[in-house]
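Sequential numbering from 1 along the given sequence is applied to the chain's residues. Only a predicted model underlies this, so the values are computations on that prediction, with no experimental measurement involved.
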Amino acid sequence: MAISLGPDGVITGIETGIKDIDSRQDTEFYNGILIPGMSNCHCHIEYSYVKGMIAQGGGLPEFIRSIIEIKRTCDIPDEEKCRTALAWSRKMYDEGVVAVGDHNNNDYVYSAKQKSDIFWRTFVELFDVDGQSADETFAEGLRRVRHHLSLGLPASVVPHACYTMDDRLMALTGGSAETACGARAEGIVSIHYKESVALGGPDERARVAASLGCGRQGVLLVHCIYADEGDIDVMTDKLGDKVTVVPCPRSNIYIERRLPDFDMLRRKGVRIALGTDGLSSNEVLSMVEELKCVSANMPHIPIDEMLGWATINGAEALGISDWAGSFEVGKRPGVVLLENVDLHNMRLTDSTTGRRLA
């Protein structure tokens with residue numbers, strides 16, 4: 001394949017089955033697989049400073065307790081937290097990530113996103129906190145969304161998870177209700193879903209489905225470690241192809257020592273994308289490492305299918321497939337080289353890495 005790039009990385013031409021390519025001037029040769037830039041559909045870049053502070057395998061309740069304690073006692077200045085987030089965002093970019101769906105509940109990361117070359121779609125996640133009413137909490141979320149928008153950062157207000165919200169706040173942030181002043185959630189919604197058997201409760205499916213307004217542009221169901229066919233059927237029956245399931249494989253193992261049922265998700269035909277989660281539950285923010293994790297645990301899944309999860313599926317989930325996710329004339333998806341791939345068997349290896357070429 002030969003890809004011609006114009007100004008700003010826009011694809012101006014694509015050729016396949018080329019003869020005598022080695023005789024062309026300015027031809028560059030690479031050993032590996034060329035893919036479009038990847039989309040990390042679930043991240044918490046603000047928690048980059050938490051790397052290594054939480055033990056692995058303790059389960060979600062212990063993980064949440066640890067996060068709360070770290071936030072309460074940590075004396076790292078916000079400026080340092082922001083610098084750490086920026087450093088990791090630059091590393092993601094260099095390894096081939098062009099877009100991130102980022103959950104946010106702290107203000108100190110604004111400047112890191114402004115300075116980053118990555119496209120950020122921010123999900124301002126809300127909780128039931130401090131005894132505030134649902135409408136007050138929602139209004140505060142809208143304030144932070146508007147601040148993101150004023151900085152040129154796309155954002156929407158979203159629910160955190162079933163187990164951290166009452167029904168009113170779930171309905172407001174999911175988009176099936178509106179505040180007394182007439183405000184309503186819009187855009188893409190992203191929610192942590194079926195990530196624990198200890199949390200969420202037996203009515204998690206019904207509560208989440210009831211809260212999701214049909215007017216949302218897309219719905220990202222994050223983690224889904226314990227999701228079953230019934231969960232997928234209910235969500236897709238209501239929302240159709242707006243639904244994307246977003247596992248975070250290394251984080252899922254880090255916290256719960258378990259992966260989602262990928263074969264069930266594939267069988268149901270639901271869109272699958274991938275995320276890294278944050279460094280509170282991961283050792284790196286690398287989409288290539290997430291792909292390698294799936295490949296190591298599910299070796300029967302073809303590499304081209306997995307690469308689609310990280311590229312076009314992720315771009316569709318984040319609403320940016322008009323410019324990202326695939327090699328098409330007029331798009332500017334970036335060009336990434338996967339190196340150290342077993343090209344004979346078309347498999348990722350332990351030493352596979354990603355490197356941005358454009």
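For the residue pair Lys115 and Tyr110, no side-chain donor N or O sits within less than 3.5 Å of a side-chain acceptor on the partner. Side chain to side chain, Asn40 and Glu290 fail the donor-acceptor criterion of an N or O pair below 3.5 Å. Side chain to side chain, Glu339 and Asn31 fail the donor-acceptor criterion of an N or O pair below 3.5 Å. Using a 3.5 Å distance cut-off with no hydrogens or angles, the side chains of Lys113 and Thr122 do pair a donor with an acceptor.
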Exercise answer: donor-acceptor pairs, residues 207-226 side-chain atoms, under 3.5 Å, sequence neighbours excluded:
from: Arg207; atom 1: NE; to: Asp167; atom 2: OD1; distance (Å): 2.7
from: Arg207; atom 1: NH1; to: Cys162; atom 2: O; distance (Å): 3.1
from: Arg207; atom 1: NH2; to: Met165; atom 2: O; distance (Å): 2.8
from: Arg207; atom 1: NH2; to: Asp167; atom 2: OD1; distance (Å): 3.0
from: Ser211; atom 1: OG; to: Val208; atom 2: O; distance (Å): 2.8
from: Arg216; atom 1: NE; to: Gly187; atom 2: O; distance (Å): 3.0
from: Arg216; atom 1: NH1; to: Thr173; atom 2: O; distance (Å): 2.7
from: Arg216; atom 1: NH2; to: Val157; atom 2: O; distance (Å): 3.3
from: Arg216; atom 1: NH2; to: Glu186; atom 2: O; distance (Å): 3.0
from: Arg216; atom 1: NH2; to: Ile188; atom 2: O; distance (Å): 3.3
from: His223; atom 1: ND1; to: Asn252; atom 2: ND2; distance (Å): 3.1
from: His223; atom 1: NE2; to: Asp277; atom 2: OD2; distance (Å): 3.3
from: Tyr226; atom 1: OH; to: Glu256; atom 2: OE1; distance (Å): 2.6

Please tabulate, one pair per line, all N/O donor-acceptor pairs under 3.5 Å involving side-chain atoms of residues 312-319, not counting sequence neighbours.
from: Asn313; atom 1: ND2; to: Ile272; atom 2: O; distance (Å): 2.8
from: Glu316; atom 1: OE1; to: Arg271; atom 2: NE; distance (Å): 3.2

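Between His160 and His192, the ring planes lie tilted relative to each other; the angle falls in the 30° to 60° range.
In this structure, the side chain of Lys51 does not engage the main chain of Ser280 through any donor-acceptor pair within 3.5 Å. A donor-acceptor pair under 3.5 Å is formed between the side chain of Asp102 and the backbone N or O of Ile45. The backbone N or O of Gly201 sits nowhere less than 3.5 Å from a side-chain atom of Tyr163 that would complete a donor-acceptor pair. Between the side chain of Asp203 and the backbone N or O of Ala206 there is no donor-acceptor pair closer than 3.5 Å. No donor-acceptor distance shorter than 3.5 angstrom exists from the side chain of Ser116 to the backbone of Ala112, with no hydrogens or angles considered. Checked by atom type and distance alone, the side chain of Arg72 never pairs as donor or acceptor with a backbone atom of Ile67 at under 3.5 Å. Using a distance-only test at 3.5 Å, with no hydrogens or angles considered, no donor-acceptor pair links the side chain of Lys331 to the main chain of Gly325. Checked by atom type and distance alone, the side chain of Arg347 pairs as donor or acceptor with a backbone atom of Pro299 at under 3.5 Å. With hydrogens and angles disregarded, a donor-acceptor distance shorter than 3.5 Å links the side chain of Ser196 to the backbone of Ala198. In this structure, Ser89 contributes its side chain and Leu86 its backbone to a donor-acceptor pair below 3.5 Å.
Among all heavy-atom pairs drawn from Thr349 and Asp342, the shortest one is CG2-N, 3.7 Å. When every heavy atom of Asp166 is checked against every heavy atom of Ala134, the shortest pair comes out as OD1-CB, 4.4 Å.
For Trp88 and Tyr49, the gap between ring centers reaches or exceeds 6.0 Å.
Atom-to-atom distance recorded for Asn282:CG and Ser48:OG is 10.5 Å, nearest 0.5 angstrom.
Ion pairing between Asp350 and Lys292 fails under the 4.0 Å rule for side-chain N and carboxylate O. Here Asp94 does not pair with Arg356 in a salt bridge; the nearest charged N to carboxylate O distance is not below 4.0 Å. A salt bridge is absent between Arg168 and Asp128: the closest approach of a Lys/Arg side-chain nitrogen to an acidic carboxylate oxygen does not fall below 4.0 angstrom.
Looking at heavy atoms from C-beta onward, Ile301 lies in side-chain contact with Trp309 at the 4.5 angstrom threshold. Looking at heavy atoms from C-beta onward, Glu95 lies out of side-chain contact with Met287 at the 4.5 angstrom threshold. Inter-residue side-chain proximity for Val245 and Pro247 is flagged as met; some heavy-atom pair is nearer than 4.5 Å.
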Step-by-step side-chain contact (heavy atoms from CB on, under 4.5 Å) determination, Arg332 to Ile11: CA-CA 6 Å; Arg332 47 182 176 84; Ile11 296 176; over 6 Å; no

Starting from the C-alpha separation in whole Å, work towards a yes-or-no answer on side-chain contact (heavy atoms from CB on, under 4.5 Å) for Asn104 and His44. CA-CA 7 Å; Asn104 167 265; His44 291 265; over 6 Å; no

CA sep, side-chain torsions, deciding dist, call: Met38, Val288, side-chain contact (heavy atoms from CB on, under 4.5 Å): CA-CA 9 Å; Met38 295 172 283; Val288 174; 4.0 Å; yes

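Following chains of ILVMFWY side-chain contacts shorter than 4.5 Å, one cannot reach Val10 starting from Ile118, and the two form parts of different hydrophobic clusters.
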